[in-house]
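Values reported hereafter were calculated over all heavy atoms of this structure, with side chains retained and with hydrogens, waters and symmetry mates removed. Throughout, numbering of the chain's residues begins at 1 and tracks the sequence. Note that ligands are numbered from 1 as they come in the structure, with each ligand's atoms numbered from 1 the same way.
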Amino acid sequence: METVNPADLQLILDEIAHSMAAATDRGQPATYIPELGRVSPDQFGIALCLPDGQQLSAGDAATPFSIQSISKVFTLAIALGRLGDALWQRVGREPSGAAFNSIVSLEHDRGIPRNPFINAGAIAVTDAILQGLQPRDVLAELLQFLRMAAEDDNIHIDKSVAASELAHAHRNTALAEFMAAHGNLQNPTALTIGTYCHQCAVEMSCVQLARAGRFLAGLPGCPRPVSPSRIRRINALMLTCGHYDASGDFAYRVGLPGKSGVGGGILAIAPGRASIAVWSPGLNAQGNSKLGAEAMEHLGRATGWSVFG
Ligand code: GLN
């Protein structure tokens with residue numbers, strides 16, 4: 001396994017942040033959640049955690065942003081811990097090849113979403129962990145998981161983002177109702193969607209997110225909330241499904257498991273080497289951070305980090 005000297009890595013991060021600050025085509029922040037549409041696209045941050053415990057960053061790496069769908073990695077970890085393989089009766093493990101909020105394949109697949117990272121799948125996962133609990137219990141468990149993984153108690157839900165998404169949740173509600181029609185929803189739709197919108201509204205900085213992802217990279221000396229075999233499986237799903245209909249492109253360009261969110265964040269995992277978080281609010285056509293994906297590609301090229309050797 002090649003190692004990159006931390007001093008060289010810091011230079012690489014500085015160079016990435018410098019070139020991203022100068023980028024003119026930055027994509028558009030998500031506007032279907034109005035509160036996210038208000039975030040300035042002129043921001044870029046990157047942070048990474050290394051096996052020796054070092055943490056490097058550049059740009060707006062300490063600025064909190066809405067993690068949105070990156071929360072789905074952590075709710076999946078919680079759900080697998082709670083339900084084990086029984087979870088796979090409710091959600092598949094195949095790339096969807098469709099947009100993150102697509103309803104199309106749900107009809108074909110009789111209410112079983114293709115994977116846990118598209119909205120329908122994540123809603124089914126949230127519904128599964130909500131069973132027998134109140135939304136506040138599930139959200140407290142998620143926050144506790146994130147704070148423990150990041151070893152940082154300053155991680156919270158942005159209530160105005162949650163309210164903004166909830167007020168425009170027609171499409172996610174439709175996905176939930178469609179699953180309910182097929183018997184794949186256990187709780188009242190409003191409870192599940194309310195919980196889901198709040199989980200997506202967790203805000204974290206790149207530094208906090210990179211720290212929370214250390215367990216997925218199997219870095220030594222960090223909390224280990226999930227077994228190694230399960231970590232491998234979560235990483236496999238991130239690689240194949242983490243960027244929706246751009247998952248193949250991200251795997252091709254970056255070669256690392258990754259999960260994006262419409263807040264403009266991406267968490268990427270270089271197993272055994274680094275946990276990496278990037279953020280820039282402007283999105284590309286597939287709803288993934290435009291500069292975030294470019295930065296990850298640049299980092300991959302400069303370090304040689306790839307799960308493909
Ligand atoms: N909360 C967002 C939604 O449900 C999450 C989507 C995303 O980040 N891709 O639409």
Side-chain angles (χ1 to χ4, degrees), residues 27-39 64-76 91 95-106 113-127 130 135 138-139 142 146 157-179 185 189-204 209 237-238 240-247 249-250 258-268 277-290 292-293:
Q28 291 300 318
T31 49
Y32 77 99
I33 301 173
E35 203 63 19
L36 295 184
R38 281 196 260 284
V39 178
F65 62 89
S66 195
I67 68 168
Q68 292 295 317
S69 286
I70 304 170
S71 66
K72 297 170 180 176
V73 174
F74 302 99
T75 48
L76 175 64
V91 59
S96 70
F100 67 90
N101 56 6
S102 174
I103 198 166
V104 175
S105 70
L106 261 191
R114 276 294 171 99
N115 66 66
F117 293 151
I118 52 172
N119 283 11
I123 291 166
V125 168
T126 297
D127 185 67
L130 185 57
V138 170
L139 295 168
L142 173 63
L146 290 169
I157 290 171
D158 182 333
K159 297 227 171 57
S160 55
V161 171
S164 183
E165 178 164 356
L166 252 180
H168 298 82
H170 309 294
R171 195 161 174 139
N172 285 329
T173 302
L175 295 173
E177 290 289 358
F178 199 89
M179 289 191 284
L185 207 76
T189 311
L191 282 192
T192 299
I193 291 298
T195 310
Y196 170 81
C197 289
H198 281 79
Q199 92 182 40
C200 290
V202 168
E203 55 168 22
M204 294 169 77
L209 194 55
L237 289 165
M238 289 172 74
T240 51
C241 311
H243 281 73
Y244 317 112
D245 44 340
S247 298
D249 189 55
F250 191 83
K259 183 72 207 83
S260 67
V262 289
I266 299 175
L267 172 65
V278 288
W279 168 61
S280 186
L283 308 179
N284 60 23
Q286 286 85 24
N288 302 312
S289 175
K290 184 171 185 302

A.B. asks: Does Asn172 approach ligand 1 within less than 4.0 angstrom via side chain, backbone, both or neither, non-hydrogen atoms only?
C.D. replies: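 Side chain only.
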
A.B. asks: Under a 3.5 Å threshold, yes or no: a donor from one side chain and an acceptor from the other, between Asn172 and Asn119?
C.D. replies: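 Side chains of Asn172 and Asn119: pair found under 3.5 Å.
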
A.B. asks: What residue and atom, counting heavy atoms only, is the protein's closest point to atom 10 (O) of ligand 1, and at what distance?
C.D. replies: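 Of every protein heavy atom, Tyr32 OH, 2.4 Å lies nearest to atom 10 (O) of ligand 1.
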
A.B. asks: Within the side chain of Ser289, is there an N or O that forms a donor-acceptor pair under 3.5 Å with the backbone of Ser280?
C.D. replies: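 Yes; at least one donor-acceptor contact below 3.5 Å.
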
A.B. asks: Is there a side-chain contact between Lys72 and Phe117 in this structure, where contact means two heavy atoms from C-beta onward sitting under 4.5 Å apart?
C.D. replies: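 Lys72 vs Phe117: side chains touch.
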
A.B. asks: Counting only heavy atoms closer than 4.0 Å, does ligand 1 sit against the backbone of Asn119, its side chain, both, or neither?
C.D. replies: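 Within the 4.0 Å criterion, Asn119 contacts ligand 1 through side-chain atoms alone.
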
A.B. asks: How about Glu203 and Ser66: does a side-chain donor come under 3.5 Å of a side-chain acceptor?
C.D. replies: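 No pair is found: no donor N or O on one side chain lies under 3.5 Å from an acceptor on the other.
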
A.B. asks: Pick one: which of Thr75, Ile123, Leu175 meets side-chain contact (heavy atoms from CB on, under 4.5 Å) with Tyr196?
C.D. replies: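 So, applying the side-chain contact (heavy atoms from CB on, under 4.5 Å) to Tyr196 and each of Thr75, Ile123, Leu175, only Ile123 qualifies.
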
A.B. asks: Which of the numbered atoms in ligand 1 are below 4.0 angstrom from a heavy atom of Tyr244?
C.D. replies: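 So the answer, numbered in order with elements, is 7 (C), 9 (N).
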
A.B. asks: Please identify which atoms of ligand 1 are closer than 4.0 Å to at least one heavy atom of Gly261.
C.D. replies: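 What qualifies from ligand 1 is 8 (O).
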
A.B. asks: How does Cys200 reach ligand 1, if at all, at less than 4.0 Å between non-hydrogen atoms: by side chain, backbone, both, or neither?
C.D. replies: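 For Cys200, only side-chain atoms sit under 4.0 Å from ligand 1.
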
A.B. asks: With a heavy-atom distance limit of 4.0 Å, tell me whether Arg171 approaches ligand 1 through its side chain, its backbone, both, or neither.
C.D. replies: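 None of Arg171 does.
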
A.B. asks: What protein heavy atom lies closest to atom 7 (C) of ligand 1? Include the residue and the distance to one decimal.
C.D. replies: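 Checked against all protein heavy atoms, atom 7 (C) of ligand 1 sits closest to Ser69 OG, 2.5 Å.
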
A.B. asks: Report yes if some N/O of Gln68 lies less than 3.5 Å from some N/O of ligand 1; otherwise report no.
C.D. replies: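 For ligand 1, there is an N or O atom that lies under 3.5 Å from one belonging to Gln68.
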
A.B. asks: Any side-chain heavy atom of Thr31 sitting closer than 4.5 Å to one from Leu36?
C.D. replies: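 Side chain of Thr31 against side chain of Leu36, heavy atoms only: no contact under 4.5 Å found.
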
A.B. asks: Does the N or O separation between Val262 and ligand 1 drop below 3.5 Å for any pair?
C.D. replies: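 Yes; at least one N/O pair falls below 3.5 Å.
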
A.B. asks: Is Met204 close to Leu146 at the side-chain level, that is, under 4.5 Å between some pair of heavy atoms?
C.D. replies: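 In contact.
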
